[in-house]
Novice: 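For reference, the structure I am asking about is given below.
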Amino acid sequence: MSLLRSLAFLTLTLLPTLPLLVLLPRGLPHLLPPRDLDVVFHTGMLAMGGTLLALGLGLALAYLAVRGAVGPIWESLLLLNYLVPPFVTGMGILFSLQVFGVKAYGVPGILLAWTLHYTPLAYLLLKPQVEGALPLLQTARVHGVTGVRRLRAFLPPLLPPLLVAGGTLYLALLGNFGVPAVLGLPERVYTLPTLAYARLTNPLAQDPLGEAAALGLWLGLLALPALLLSRPPLLEAPTSLLERPHRAFRFLFALYALGSPGLSFLGLLREALFNPYTGRLDPAFAQALALPLLRQGLLHSLLLSLLATSLLLSLALLPKPFPQTLRVARGALDLTYLMPGTLLGIGLILLLAPTSLYGTPWLLLLAYLLNFAALALRSLEAGVRVEGAVLAGRVHGLPFWHSWLRLGYPLLLPSLFAGSFLLFPLAFAEVTLSALLYAPGSETVGVTVLSALNGGLYREAAALGLILAGVAALGLLGRPRW
């Protein structure tokens with residue numbers, strides 16, 4: 001039995017990471033002599049810069065939220081920026097800055113879009129830590145420590161969580177494809193994900209897969225330090241603050257929560273709703289949906305995301321009665337979620353190119369399942385604890401599976417509801433895997449938006465961007481149960 005259990009654990013550990021492992025034999029020959037070191041360095045520095053910006057702003061917002069006792073409405077408005085797909089934020093920045101005659105292309109635009117998009121994630125990761133560390137700051141003041149010296153009591157407990165939050169942000173920025181594709185490629189500013197896509201689709205390359213795999217290995221090397229960071233224990237948040245909430249802090253938080261989505265959506269609304277020549281109201285939604293490619297992209301993404309969400313949540317229920325198996329599976333699947341999607345996409349091409357699955361929408365569905373499986377498992381783990389009810393059923397004579405079917409699984413329905421509103425918008429607007437794996441004739445909405453933008457159909461792309469933002473807002477319905 002122990003041998004079977006060991007084999008099962010080995011399978012759960014290796015199977016999800018197999019697409020990442022196949023990059024080694026194909027990409028290693030292209031690493032020597034070293035190529036593209038300028039892009040490797042540029043990608044790492046750009047990701048680190050974006051991480052520091054989002055981390056600093058997220059920490060400041062967490063402090064304002066705790067000191068100002070910010071309510072859930074303002075927090076939801078802030079989180080909307082994170083739920084909107086990154087490439088939609090990039091388009092919004094592009095069109096909004098054009099109103100003021102400013103070009104958003106290149107490094108400044110990428111950093112601005114990343115900061116707006118990922119600051120809410122930094123806020124979510126750091127707010128519990130600020131709640132736990134803030135009483136130390138207040139205690140220091142009571143004991144006569146004032147000014148900058150108070151930070152000696154406040155910052156040291158926050159350093160381990162800051163490292164972990166910074167590692168999470170760095171991984172997200174390192175693998176981001178949408179924002180550099182929108183704001184970088186027109187100015188020939190490449191990052192490793194966009195360069196890998198360019199190499200993979202280059203008809204003149206001698207070995208496009210090998211070159212893309214080598215860039216994927218560089219991405220893995222850059223991501224390795226962040227993956228090695230261990231998660232420290234969370235500080236316990238106090239039940240109440242020693243000081244009364246300050247309205248000024250709440251006002252500053254609300255000002256950012258209103259301004260950051262405004263900067264993203266102002267340009268999208270102007271581009272999608274008004275005729276650029278006459279200035280009159282002329283919504284472009286009908287024009288966008290009249291284009292077969294854009295209409296099919298919406299339909300394909302809708303079907304794929306609904307199927308992926310249903311399968312992920314259904315499969316996540318199976319290991320729920322076995323906590324140890326669940327932890328092992330989630331540990332392996334966390335890697336496929338945290339690692340840049342470019343690695344997973346290229347790995348799946350290398351692994352499945354000889355099979356009949358390649359070149360079909362089912363390959364993209366498999367990629368979605370691997371990429372978002374960890375979120376499905378975590379949505380159930382973060383839900384209602386049902387083990388007590390199951391144990392009570394067992395004590396009263398119910399068999400193991402009967403107890404789960406009649407008591408455990410029904411109690412998990414709220415967690416499934418919340419998980420569906422988290423997974424569906426992410427799968428619907430996914431673009432990194434889609435750009436690498438979509439089959440001709442079955443493009444997803446993210447691919448069609450980028451195609452429309454590259455083809456000069458700015459109004460249609462902006463209209464679809466607003467539709468994607470509306471779908472992303474559905475994630476707020478599941479937030480009370482995250």
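We number each residue from 1, following the sequence as shown. All figures in this text were calculated on a predicted structure; none of them were measured in a lab.
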Novice: So does Tyr358 have more than 12 non-hydrogen atoms from other groups sitting under 6.0 Å from OH?
Specialist: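 No, the 6.0 Å shell around OH holds no more than 12 heavy atoms from other groups.
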Novice: For Thr360, enumerate each residue passing the side chain to side chain contact (heavy atoms under 4.5 Å, CB included) test, keeping only those at least two apart in sequence or located in another chain.
Specialist: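 Side chain to side chain contact (heavy atoms under 4.5 Å, CB included) check on Thr360 returns Leu357, Trp362.
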Novice: Between Tyr118 and Thr51, is there a side-chain heavy-atom distance shorter than 4.5 Å?
Specialist: no
Novice: Would a distance-only check, ignoring hydrogens and angles, find a side-chain to backbone donor-acceptor pair under 3.5 Å from Ser442 to Tyr438?
Specialist: no
Novice: Under 6.0 Å between ring centres: does that hold for Tyr123 and Phe253?
Specialist: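 So the answer is yes for these two rings.
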Novice: Only counting residues at least two apart or in another chain, list the ones meeting salt bridge (charged side-chain N to carboxylate O under 4.0 Å, His left out) with Asp36.
Specialist: Arg199
Novice: Around atom OH of Tyr256, are there more than 12 heavy atoms from other residues, nucleotides or ligands closer than 6.0 Å?
Specialist: yes
Novice: So, do Leu80 and Phe265 sit near enough that their side-chain heavy atoms are less than 4.5 Å apart?
Specialist: yes
Novice: Side chain to side chain contact (heavy atoms under 4.5 Å, CB included), that's the test. Do Leu200 and Ile349 meet it? Break it down for me.
Specialist: CA-CA 10 Å; Leu200 193 62; Ile349 293 174; 3.7 Å; yes
Novice: Can you find a heavy atom in the side chain of Ile346 that is under 4.5 Å from one in the side chain of Leu350?
Specialist: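 In contact.
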Novice: Could you tell me whether a side-chain N or O of His300 sits under 3.5 Å from a main-chain N or O of Gln296, the two making a donor and an acceptor?
Specialist: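 Looks like yes, one N/O pair under 3.5 Å.
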Novice: If you compare all heavy atoms of Asn176 against all heavy atoms of Pro180, which two are closest, and at what distance to 0.1 Å?
Specialist: OD1-CD, 3.1 Å
Novice: Could you walk me through whether Ser451 and Thr448 pass the side chain to side chain donor-acceptor pair (under 3.5 Å) test, one step at a time?
Specialist: CA-CA 5 Å; Ser451 298; Thr448 58; over 6 Å; no
Novice: Heavy atoms, side chains only, cut-off 4.5 Å: are Leu365 and Pro361 in contact?
Specialist: no
Novice: Kindly compute the distance separating CG (Leu222) from CG (Leu174), expressed to the nearest 0.5 Å.
Specialist: 5.5 Å
Novice: If you draw a 6.0 Å radius around CZ in Arg270, do more than 12 non-hydrogen atoms from other residues or ligands fall strictly inside?
Specialist: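 Incorrect, the count does not exceed 12.
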Novice: Which salt bridge (charged side-chain N to carboxylate O under 4.0 Å, His left out) pairs, counting each pair once, include a residue from residues 453-475, with sequence neighbours left out?
Specialist: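 For residues 453-475: Asp282-Arg459.
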Novice: Any donor and acceptor pair, going by atom type alone, linking the side chain of Ser420 with main-chain N or O of Phe417 inside 3.5 Å?
Specialist: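 Between the backbone of Phe417 and the side chain of Ser420 there is a qualifying donor-acceptor contact (under 3.5 Å).
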Novice: Between Tyr337 and Phe372, how do the two ring planes meet: parallel, tilted or perpendicular, split at 30° and 60°?
Specialist: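 Correct class here is tilted.
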Novice: Atom CG in Leu59, atom CG in Leu64: separation rounded to 0.5 Å?
Specialist: 9.5 Å
Novice: Leu344 vs Leu348, test: side chain to side chain contact (heavy atoms under 4.5 Å, CB included). Steps then yes/no.
Specialist: CA-CA 6 Å; Leu344 179 60; Leu348 286 173; 4.2 Å; yes
Novice: Determine yes or no for a side-chain-to-main-chain donor-acceptor pair under 3.5 angstrom, with Asn454 supplying the side chain and Leu450 the backbone.
Specialist: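 Yes, because the side chain of Asn454 sits within donor-acceptor range (under 3.5 Å) of the backbone of Leu450.
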Novice: What side-chain donor-acceptor pairs closer than 3.5 Å can you find for residues 39-49, not counting sequence neighbours?
Specialist:
| from | atom 1 | to | atom 2 | distance (Å) |
| --- | --- | --- | --- | --- |
| His42 | ND1 | Tyr190 | O | 3.3 |
| Thr43 | OG1 | Val39 | O | 2.7 |
| Thr43 | OG1 | Leu192 | N | 3.0 |

Novice: Could you go step by step and tell me if Glu75 and Lys127 meet the salt bridge (charged side-chain N to carboxylate O under 4.0 Å, His left out) rule?
Specialist: CA-CA 11 Å; Glu75 280 193 333; Lys127 185 185 176 185; 2.5 Å; yes
Novice: Assess whether atom CG of Leu281 is packed by more than 12 heavy atoms of other residues, nucleotides or ligands within 6.0 Å.
Specialist: yes
Novice: Counting distance only, does the side-chain N/O of Thr119 pair as donor-acceptor with the main-chain N or O of Leu57 below 3.5 Å?
Specialist: no
Novice: CG/Leu298 to CG/Leu293 distance, rounded to the nearest 0.5 angstrom?
Specialist: 10.0 Å
Novice: Is Ser305 reaching over with its side chain to a backbone N or O of Leu302, donor-acceptor style, under 3.5 angstrom?
Specialist: yes
Novice: Go through it in stages, so that I can follow the logic: the residues are Leu125 and Val164, the test is side chain to side chain contact (heavy atoms under 4.5 Å, CB included), and I'd like the CA-CA distance, side-chain angles, deciding distance and then a yes or no.
Specialist: CA-CA 9 Å; Leu125 294 173; Val164 174; over 6 Å; no
Novice: Show me, pair by pair, the donor-acceptor contacts under 3.5 angstrom made by side chains of residues 81-101, not counting sequence neighbours?
Specialist:
| from | atom 1 | to | atom 2 | distance (Å) |
| --- | --- | --- | --- | --- |
| Asn81 | ND2 | Ser260 | OG | 3.2 |
| Ser96 | OG | Gly92 | O | 2.8 |
| Ser96 | OG | Leu263 | O | 2.5 |
| Ser96 | OG | Gly267 | N | 2.7 |

Novice: Identify every side-chain donor-acceptor pair in residues 422-436 under 3.5 Å, counting partners at least two apart or on other chains, and give the distances.
Specialist:
| from | atom 1 | to | atom 2 | distance (Å) |
| --- | --- | --- | --- | --- |
| Glu430 | OE1 | Leu433 | N | 3.2 |
| Glu430 | OE1 | Ser434 | N | 3.0 |
| Glu430 | OE1 | Ser434 | OG | 2.9 |
| Glu430 | OE2 | Thr432 | N | 2.9 |
| Glu430 | OE2 | Leu433 | N | 2.7 |
| Ser434 | OG | Tyr368 | OH | 2.8 |
| Ser434 | OG | Glu430 | O | 3.1 |
| Ser434 | OG | Thr444 | OG1 | 3.4 |

Novice: Backbone N or O of Leu311 within a donor-acceptor pair of the Ser314 side chain at under 3.5 Å?
Specialist: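 Side chain of Ser314 to backbone of Leu311: no pair is present.
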Novice: How close do Leu333 and Ala373 get, heavy atom to heavy atom, and via which atoms?
Specialist: CD1-CB, 3.6 Å
